[in-house]
Amino acid sequence: MSAARLAVDPLAAARRLLGATLSCRGVDATIVEVEAYGGVPDGPWPDPAAHSYRGPTARNAVMFGPPGRLYTYRSYGMHICANVVCGPDGTAAAVLLRAAVIAGGQELVRVRRGVAVPDVALARGPGNLCSALGITMEDNGIDLFDPSSPVRLRLGGPLAAQAGPRVGVSQAADRPWRLWAPRTPEVSAYRRSPRAPAPGASD
DNA sequence: CACCCGATGGTCT
DNA sequence: GACCATCGGGTGG
């Protein structure tokens, strides 16, 4: 069972997901940018920026379940973002999929994303990635390693990784839990949250 | 390039 | 009623 390789801390899981292949509804994509997220204050990886920080709710329930499942959520009322749940069952943690290189099914991606979008931007950014692969809220909670699932994950050889602060979070803004493949134009640009304290402040 | 801002709706206080 | 794990189009240098 490949999901067992994700039953680790979120940063280690993030490293294993860089270079992995995500397949969904006719499209194959190589993951090139991810962000690690932890859990509750008294858990092993307390993370004020994580959806799971304040305990289980209807939205984040999947994060507390077994590793290898897909956790999707709606962002700013209009975009879908996708995570891979990691850590052991019962412990909240997940890795946000931020960008990918389209390796197959590019024609389908063009239909979903539009003809004007440059190749490198087809799955750049978490909302765009889900749009490109056709991932919706219907997919929340599915097992990424079940052959019958519409969204599948294949772990590959880990890629070289560069690390830096996470994009868009106002809490724990400087924690270097964003990983990306160096010199890869498909990786999204860094944007600090306008609500985050000045760089250098503590977690 | 660098900001800046509006769209838009679920979730949680 | 505030707060977003975003995006793309606008403005100005």
Side-chain angles (χ1 to χ4, degrees), chain A residues 6 9-11 13-15 17-18 22 29 31-41 43 45-65 69-87 92-100 102 109-110 112-141 163-180 185-199 201 203:
Chain A
L6 296 175
D9 71 85
L11 191 56
R15 266 191 289 267
L17 286 168
L18 265 194
L22 193 64
I31 298 165
V32 294
E33 181 191 356
V34 296
E35 268 173 11
Y37 285 92
V40 297
W45 315 296
D47 181 3
H51 288 169
S52 47
Y53 187 64
R54 291 156 211 278
T57 66
R59 176 177 69 153
N60 67 22
V62 176
M63 279 188 76
F64 290 81
R69 308 267 251 249
L70 189 71
Y71 165 52
T72 57
Y73 70 93
R74 187 176 300 276
S75 173
Y76 289 87
M78 50 194 120
H79 308 290
I80 303 301
C81 297
N83 297 252
V84 176
V85 174
C86 61
V95 176
L96 173 67
L97 306 180
R98 288 201 55 91
I102 303 302
V109 176
R110 284 252 160 249
R112 295 183 181 128
R113 293 272 294 131
V115 290
V117 180
D119 281 359
V120 295
L122 285 173
R124 186 169 62 193
N128 291 334
L129 186 153
C130 285
S131 169
L133 297 210
I135 294 173
T136 73
M137 283 304 294
E138 300 279 298
D139 299 317
N140 188 39
R166 296 176 288 188
V167 172
V169 299
S170 60
Q171 304 287 312
D174 295 321
R175 190 180 297 191
W177 275 14
R178 172 179 178 239
L179 302 183
W180 65 93
E186 286 85 354
V187 170
S188 71
Y190 174 66
R191 284 191 189 188
R192 168 169 278 257
S193 166
R195 296 169 292 278
D203 268 7

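The structure presented is a predicted model; accordingly, all values stated were derived computationally and were not measured. Order of the sequence lines sets the chain letters (A, B, ...), proteins ahead of strands, with each chain counted from 1.
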Got a second to check how far [X]'s [atom1] is from [Y]'s [atom2], nearest 0.5 Å?
X      : Y      : atom1 : atom2 : result
A:Y71  : A:C86  : OH    : SG    : 13.0 Å
A:W180 : A:E186 : CH2   : CD    : 15.5 Å
A:D119 : A:I102 : CG    : CD1   : 9.5 Å
A:S52  : A:M63  : OG    : CE    : 3.5 Å

Grab the [atom1]-[atom2] distance between [X] and [N] for me, whole Å please.
X      : N      : atom1 : atom2 : value
A:Y53  : C:dC3  : OH    : C1'   : 17 Å
A:Y190 : C:dT6  : OH    : P     : 11 Å
A:I80  : C:dC4  : CD1   : P     : 19 Å
A:H79  : B:dG10 : NE2   : C1'   : 14 Å
A:M78  : B:dG10 : CE    : P     : 12 Å
A:R192 : C:dT6  : CZ    : C1'   : 17 Å

Worksheet item: Is the phosphate of C:dC4, meaning OP1 or OP2, less than 4.0 Å from a side-chain N or O of A:S170?
Response: yes
Worksheet item: Does A:R113 have a side-chain nitrogen or oxygen under 4.0 Å from the phosphate oxygens OP1 or OP2 of C:dG8?
Response: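 Yes, such a contact exists.
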Worksheet entry | salt_bridge(A:R192, A:D174) N-O dist < 4.0 Å |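 The answer is yes: the pair qualifies as a salt bridge.
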Worksheet item: Ring stacking, A:Y76 with base of B:dT8, under 5.5 Å and under 30°?
Response: no
Item to complete: Check whether any side-chain heavy atom of A:Y73 sits under 4.5 Å from a side-chain heavy atom of A:N83, and report yes or no.
Response: yes
Discussion item. Using a heavy-atom cut-off of 4.0 Å across all strands, would you classify A:N128 as base, sugar-phosphate, or nothing?
Written reply: sugar-phosphate
Practice prompt. For A:S193, answer base if it contacts any base atom (sugar-phosphate contacts may also be present), sugar-phosphate if it contacts only those atoms, and nothing otherwise; contact means non-hydrogen atoms under 4.0 Å.
Written response: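 A:S193: no heavy atom of the nucleic acid under 4.0 Å.
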Worksheet entry | Heavy-atom donor-acceptor pair, A:Y73 side-chain to C:dA5 base, under 3.5 Å |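 Per atom types, the contact qualifies.
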Item to complete: Compare every heavy atom of A:L122 with every heavy atom of A:R113, then report the nearest pair and how far apart it is.
Response: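 Reported closest heavy-atom pair: NE-O, 2.8 Å.
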Worksheet item: For the side chain of A:R124 and the backbone of A:A99, is there at least one donor-acceptor N/O pair under 3.5 Å apart?
Response: no
Discussion item. I'd like to know if the side chain of A:R69 and the backbone of A:N140 have a donor-acceptor N/O pair within less than 3.5 Å.
Written reply: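 Between the backbone of A:N140 and the side chain of A:R69 there is no qualifying donor-acceptor contact (under 3.5 Å).
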Discussion item. When both hydrogen-bonding distances must be under 3.5 Å and the geometry is Watson-Crick or G-U wobble, what is B:dT8 paired with, if anything?
Written reply: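 Check on B:dT8: unpaired, no WC or wobble geometry under 3.5 Å.
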Item to complete: Give none if C:dA5 has no partner; otherwise give the nucleotide forming a Watson-Crick or G-U wobble pair with it, both distances under 3.5 Å.
Response: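 Looking at the geometry, C:dA5 pairs with no nucleotide.
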Distances under 3.5 Å between nitrogen or oxygen atoms of protein and nucleotides 11-13 of chain B:
unit_1: B:dC12; atom_1: OP1; unit_2: A:T57; atom_2: OG1; d: 2.5

When you compare the protein's N or O atoms with those of nucleotides 9-13 of chain C, which come within less than 3.5 Å of each other, and at what distance?
none

Worksheet item: Can you name the salt bridge (Lys or Arg N to Asp or Glu O under 4.0 Å) partners of A:R98, sequence neighbours left out?
Response: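 In terms of salt bridge (Lys or Arg N to Asp or Glu O under 4.0 Å), with neighbours along the sequence ignored, A:R98 is linked to A:E33, A:E35.
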Worksheet item: When you measure from the side chain of A:N83, which nucleotide among C:dA5, C:dC4, B:dG10 comes out closest?
Response: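 Looking only at heavy atoms from C-beta outward on A:N83, the closest nucleotide is C:dA5.
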